[in-house]
Asker: 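Got a structure for you, written out below as structure tokens; questions coming shortly.
Note: hydrogens, waters and symmetry copies are ignored here, and every other heavy atom, side chains too, is used. Since we're looking at a predicted model, the values are computed, not measured.
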Amino acid sequence: MLAFIFTFFLPQSINLIFVFSEKYGTFANKILNNFHFHFVMGFTGYFLLGYVLNKIEITKKQERIIYFLGICGFIATILMSIMVSRIKNKPNEIFYSYTSINVLFESIAMFLFFKQHFNNSSRIILALSKYSFGAYLVHDAVIQVIKFCGLNTLSFNPIFSVPVISVMVFVISFAISGVLNHIPVLKKYIV
């Protein structure tokens with residue numbers, strides 16, 4: 001609950017305040033930073049949520065609700081990004097953040113979908129899971145290198161750029177993870 005409040009709800013609320021008033025947004029952000037709840041912020045909530053979702057059994061009714069929220073999160077990402085971009089009169093990506101509530105709902109739905117509909121003994125799932133932690137460790141560096149090379153989601157039509165860049169990051173990150181997993185000392189202590 002603390003992670004939801006301090007990682008998702010309050011920061012997204014402050015981002016919305018920033019859209020309409022920079023003065024009040026700065027004030028609200030200063031108050032939030034004074035709480036010093038850094039241990040529940042960032043990706044800690046995702047790690048804990050993944051563990052819990054993996055361990056518990058979800059009923060069909062709960063599954064439908066989670067998928068509905070995931071779809072709503074996806075639609076909200078698009079519509080809210082368009083709305084805020086028009087208000088600010090420039091592209092705005094606050095609703096694409098990993099710490100936005102809509103992305104949280106999308107992530108939960110995707111996690112549950114793969115948990116419920118793909119057998120853990122599938123060769124593809126097993127192969128991906130072997131390299132997933134290493135890919136996670138390097139994916140941000142891959143994104144930064146791609147940005148440094150001048151390629152981002154606004155380089156060309158986002159309908160094409162987002163999937164292309166996503167696939168590039170996925171493939172490159174897993175390739176690097178594959179290499180790291182073949183270096184004994186790194187495999188044992190890092191990935």
Asker: Any side-chain donor-acceptor pair under 3.5 Å between Gln12 and Thr99?
Answerer: no

Asker: Answer yes or no: are there more than 12 heavy-atom neighbours, outside Ile159 itself, under 6.0 Å from its atom CD1?
Answerer: no

Asker: Could you tell me which non-hydrogen atom of Lys115 sits nearest to which non-hydrogen atom of Ile56, and how far apart they are?
Answerer: NZ-O, 2.6 Å

Asker: Closest approach of Tyr96 and Ser81, non-hydrogen atoms and distance?
Answerer: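 Closest approach of Tyr96 to Ser81, heavy atoms only: CE1-OG, 3.4 Å.
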
Asker: Going by the angle between their ring planes, with limits at 30° and 60°, are Phe47 and Tyr136 parallel, tilted or perpendicular?
Answerer: perpendicular

Asker: Output the distance between atom NZ (Lys60) and atom CD1 (Ile65), rounded to the nearest 0.5 Å.
Answerer: 13.5 Å

Asker: Lys187 versus Ile183: any side-chain heavy-atom pair under 4.5 Å?
Answerer: no

Asker: Donor-acceptor check, side chain of Ser155 to backbone of Asn152, threshold 3.5 angstrom: yes or no?
Answerer: yes

Asker: Looking at every heavy atom in both Val103 and Tyr98, which two are closest together, and how far apart are they?
Answerer: CG1-CA, 4.1 Å

Asker: Any heavy-atom pair between the side chains of Phe170 and Leu128 that's under 4.5 Å?
Answerer: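 Yes; the side chains approach each other to less than 4.5 Å.
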
Asker: Taking a hydrophobic cluster as the set of Ile, Leu, Val, Met, Phe, Trp and Tyr residues connected by side-chain heavy atoms closer than 4.5 Å, whether directly or through intermediates, do Ile78 and Val162 fall within one such cluster?
Answerer: no

Asker: Taking the six-membered ring for Trp, is the centroid-to-centroid distance between Phe156 and Phe160 below 6.0 Å?
Answerer: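 Ring centroids of Phe156 and Phe160 are no less than 6.0 Å from each other.
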
Asker: Grouping I, L, V, M, F, W and Y whenever their side-chain heavy atoms are under 4.5 Å apart, do Phe114 and Phe105 come out in a common cluster?
Answerer: yes

Asker: With distance as the sole test, does Ser13 use its side chain to make a donor-acceptor pair with the main-chain N or O of Phe9 at under 3.5 Å?
Answerer: yes

Asker: Is any side-chain heavy atom of Tyr46 closer than 4.5 Å to a side-chain heavy atom of Leu104?
Answerer: yes

Asker: Pair Leu180, Tyr131 - check side chain to side chain contact (heavy atoms under 4.5 Å, CB included), show working.
Answerer: CA-CA 9 Å; Leu180 294 176; Tyr131 300 117; over 6 Å; no

Asker: Heavy-atom distance under 4.5 Å between the side chains of Leu53 and Leu112, does that happen here?
Answerer: no

Asker: Examine distances only and state if a side-chain atom of Ser161 and a backbone atom of Thr153 form a donor-acceptor pair shorter than 3.5 Å.
Answerer: yes

Asker: How many angstroms lie between atom CE of Met110 and atom CD1 of Ile66, to the nearest 0.5 angstrom?
Answerer: 13.5 Å

Asker: Tell me whether the count of non-hydrogen atoms from other residues, nucleotides or ligands lying under 6.0 Å of CZ in Phe111 goes above 12.
Answerer: yes

Asker: State whether the side chain of Ser177 and the backbone N or O of Phe174 hold a donor-acceptor pair below 3.5 Å, judged by distance alone.
Answerer: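 Judged by distance alone, no pair lies under 3.5 Å.
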
Asker: What are the two closest non-hydrogen atoms of Ser132 and Ser129, and how far apart are they?
Answerer: OG-O, 3.1 Å

Asker: Nearest 0.5 Å, what's the OG-CD1 distance between Ser97 and Ile94?
Answerer: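 Spacing of OG (Ser97) from CD1 (Ile94) equals 9.0 Å.
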
Asker: For a side chain to side chain contact (heavy atoms under 4.5 Å, CB included) check, start with the C-alpha distance between Ile101 and Phe4, then their side-chain angles and the critical distance, and finish with the verdict.
Answerer: CA-CA 8 Å; Ile101 295 172; Phe4 178 78; 4.1 Å; yes

Asker: I need the Ile172 CD1 to Ile146 CD1 distance, nearest 0.5 Å.
Answerer: 4.5 Å

Asker: State yes or no: do Val169 and Val145 share one hydrophobic cluster built from I, L, V, M, F, W and Y residues joined by side-chain heavy-atom distances below 4.5 Å, directly or via other members?
Answerer: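 Each belongs to a different hydrophobic cluster.
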
Asker: Should we count NZ of Lys88 as having more than 12 external heavy atoms under 6.0 Å?
Answerer: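 Yes, NZ of Lys88 has more than 12 neighbouring heavy atoms, counting only those of other groups under 6.0 Å.
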
Asker: Looking only at non-hydrogen atoms, find the nearest pair between Val142 and Ser173 and report the distance.
Answerer: CG2-OG, 3.7 Å

Asker: So which atom in Leu16 and which in Met80 form the shortest heavy-atom distance, rounded to 0.1 Å?
Answerer: CD2-CE, 4.3 Å

Asker: Could you grab the distance from atom CD of Glu57 to atom CD of Gln116, nearest 0.5 Å is fine?
Answerer: 7.0 Å

Asker: State whether a side-chain donor-acceptor pair under 3.5 Å links Thr77 with Asn102.
Answerer: yes

Asker: Could you walk me through whether Phe20 and Ile87 satisfy the side chain to side chain contact (heavy atoms under 4.5 Å, CB included) test, starting with their C-alpha distance in whole Å, then the side-chain angles of each, then the deciding distance to 0.1 Å, before giving a yes or no?
Answerer: CA-CA 8 Å; Phe20 299 104; Ile87 289 171; 3.8 Å; yes

Asker: With hydrophobic residues grouped by side-chain heavy-atom distances under 4.5 Å, do Val84 and Leu154 end up in a single group?
Answerer: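 Unlinked, Val84 and Leu154 end up in two clusters.
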
Asker: Within this structure, what is the CD1-CG distance for the pair Ile31 and Leu10, rounded to the nearest 0.5 Å?
Answerer: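 Here the interatomic distance stands at 10.5 Å.
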
